[in-house]
Amino acid sequence: MRTPIIAGNWKLHKNRAEAAELIRQLASMVQDAEATVIIAPVFTTLESARIALEGSNIALAAQNCSCESSGAFTGEVSASHLIDVGCSHVILGHSERRQLFGETDDLINRKISAAQQSGLHTIFCIGETLEEREQDQTLDVLRTQVTEGLAGLSTEQMQDVSIAYEPVWAIGTGKTASTEQAQDVHSFVRGMIFSLFGQQTSERVRILYGGSVKPENVDSLMAQQDIDGALVGGASLKAEDFARIANFRAVN
Ligand code: 13P
């Protein structure tokens, strides 16, 4: 059995006071969730978020980290700094980092290695653009992202990596991949993990879906055999919506 992960990516939203208020509302609403519930606030709010999270069952993630551990790297935040502030998880390779900030598969790979070395659990994001899907390149794109992003990782290190499939065309657009489209890709990705890391790892790895996940569609997504969680953007900013997603009911 794979414990589901429901993660809220707050992107560039919520200051310290707003974050603390959202956490206060969420904490009691998700206390019985049968999933690992995670929030990923803005860097500067992580410290106050950690304090607000005390006593809750919500884990703390960052939305990015450096591939460097320390040194003359102006503006960077290392994995060990994230551990120091109380993070247990980090989101890496998000399509916004790839598209808007030029992150390559190689850089993402080095970030994942740095996170693993510090003991952070990585949520590694992959996904194709609309153009790539329309040109029938979805599986090729995902194959490259997975192979290059996870290059050099040991089977042991893979135990602390989850994968989030986020079709770029479904992010913030209100368009969700159909449950069949998502299941097909998740099954393909699990097959890739099988060939790269073996059966046991492929059965254990959590593969999350992301892209316009809402209270209205979470149940049918979570009912799919290879969908083990959700990475939620917009709907994670409202306590009721995110709590409903975290308390999903997997129905067909
Ligand atoms: P939305 O849920 O707003 O589509 O965002 C998805 C996402 O990018 C989560 O990382």
Side-chain angles (χ1 to χ4, degrees), residues 4-14 18-19 22 26 30 35-43 45-46 49 58-65 82 87-101 103 108 111-112 115 120-130 132-133 138 141-142 145-146 149 161-179 181-182 185-186 189 206-222 224 227-248:
I5 293 176
I6 304 291
N9 176 7
W10 290 5
K11 306 193 179 183
L12 191 47
H13 298 286
K14 306 280 177 195
E18 291 162 346
L22 180 51
L26 265 180
V30 301
T36 301
V37 181
I38 302 169
I39 56 164
V42 173
F43 277 133
T45 67
L46 287 170
I58 305 172
L60 189 61
Q63 300 171 18
N64 185 20
C65 80
L82 296 180
C87 290
S88 51
H89 293 68
V90 63
I91 298 169
L92 293 173
H94 193 279
S95 65
E96 287 152 17
R97 303 289 326 158
R98 293 176 188 263
Q99 293 204 311
L100 305 175
F101 301 99
E103 294 201 7
I108 294 160
K111 289 184 174 197
I112 296 174
L120 283 174
H121 182 114
T122 296
I123 298 174
F124 165 45
C125 304
I126 58 172
E128 82 286 2
T129 62
L130 183 59
E132 289 162 344
R133 176 162 281 268
T138 299
V141 168
L142 298 174
Q145 290 176 342
V146 170
V161 175
S162 299
I163 297 172
Y165 169 56
E166 298 203 304
V168 178
W169 48 271
I171 295 177
T173 59
K175 287 186 195 151
T176 324
S178 69
T179 50
Q181 277 173 326
V185 168
H186 281 229
V189 172
R206 265 82 54 89
I207 307 177
L208 284 55
Y209 172 79
S212 299
V213 176
K214 305 265 182 282
E216 298 76 37
N217 58 25
V218 67
D219 296 341
S220 55
L221 286 163
M222 290 303 294
Q224 303 301 308
I227 299 183
D228 308 313
L231 182 53
V232 188
S236 71
L237 298 171
K238 285 196 201 134
E240 294 77 19
D241 287 357
F242 189 60
R244 174 64 184 82
I245 293 169
N247 293 304
F248 66 89

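Counting begins at 1 with the first residue of the sequence. Hydrogens, waters and symmetry mates are skipped; everything else that's a heavy atom, side chains included, is used. All figures in this text were calculated on a predicted structure; none of them were measured in a lab. In each ligand, atom 1 is the first atom listed, and ligand 1 is the first ligand listed.
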Separation of [Y] [atom2] from [X] [atom1] (nearest 0.5 Å):
| X | Y | atom1 | atom2 | result |
| --- | --- | --- | --- | --- |
| Leu231 | Tyr209 | CG | OH | 10.5 Å |
| Ile163 | Asp228 | CD1 | CG | 10.0 Å |
| Glu166 | Ile126 | CD | CD1 | 10.0 Å |

Step by step, would you call Leu26 with Ile39 a side-chain contact (heavy atoms from CB on, under 4.5 Å)? CA-CA 10 Å; Leu26 265 180; Ile39 56 164; 4.2 Å; yes

Does [X] come within less than 4.0 Å of ligand 1, judged by its heavy atoms?
| X | result |
| --- | --- |
| Ser212 | yes |
| Lys214 | no |
| Ala170 | yes |

Specify the protein heavy atom at minimum distance from [atom]: its residue, its atom name, and the distance to 0.1 Å.
| atom | answer |
| --- | --- |
| atom 7 (C) of ligand 1 | Glu166 OE2, 3.2 Å |
| atom 2 (O) of ligand 1 | Gly233 N, 2.9 Å |
| atom 3 (O) of ligand 1 | Gly234 N, 2.8 Å |

Hey, mind stepping through Asn64 and Glu103 against side-chain contact (heavy atoms from CB on, under 4.5 Å) and telling me if it holds? CA-CA 11 Å; Asn64 185 20; Glu103 294 201 7; 3.8 Å; yes

Using a heavy-atom cut-off of under 4.0 Å, does the side chain or the backbone of Ile171 touch ligand 1, or both, or neither?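 For Ile171, backbone and side-chain atoms both sit under 4.0 Å from ligand 1.
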
Which ligand 1 atoms, with their elements, are less than 4.0 angstrom from a heavy-atom of [X]?
| X | result |
| --- | --- |
| Leu231 | 9 (C), 10 (O) |
| His94 | 7 (C), 8 (O), 9 (C), 10 (O) |
| Asn9 | 9 (C), 10 (O) |

Can you confirm whether Lys11 is buried at NZ, in the sense that more than 12 heavy atoms of other residues, nucleotides or ligands lie under 6.0 Å from that atom?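 Above 12, so yes.
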
Do His121 and Ser88 have side-chain atoms, one donor and one acceptor, less than 3.5 Å apart?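 No donor-acceptor contact under 3.5 Å links the two side chains.
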
Checking side-chain contact (heavy atoms from CB on, under 4.5 Å) for the pair Arg97/Gln63: CA distance, chi angles, key distance, verdict? CA-CA 10 Å; Arg97 303 289 326 158; Gln63 300 171 18; over 6 Å; no

Can you find an N or O of Gly172 that's nearer than 3.5 Å to an N or O of ligand 1?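 N/O-N/O distance below 3.5 Å exists for this pair.
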
For ligand 1, which is the ligand I care about here, please tell me if Thr173 has any N or O atom under 3.5 Å from one of the ligand's N or O atoms.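 No.
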
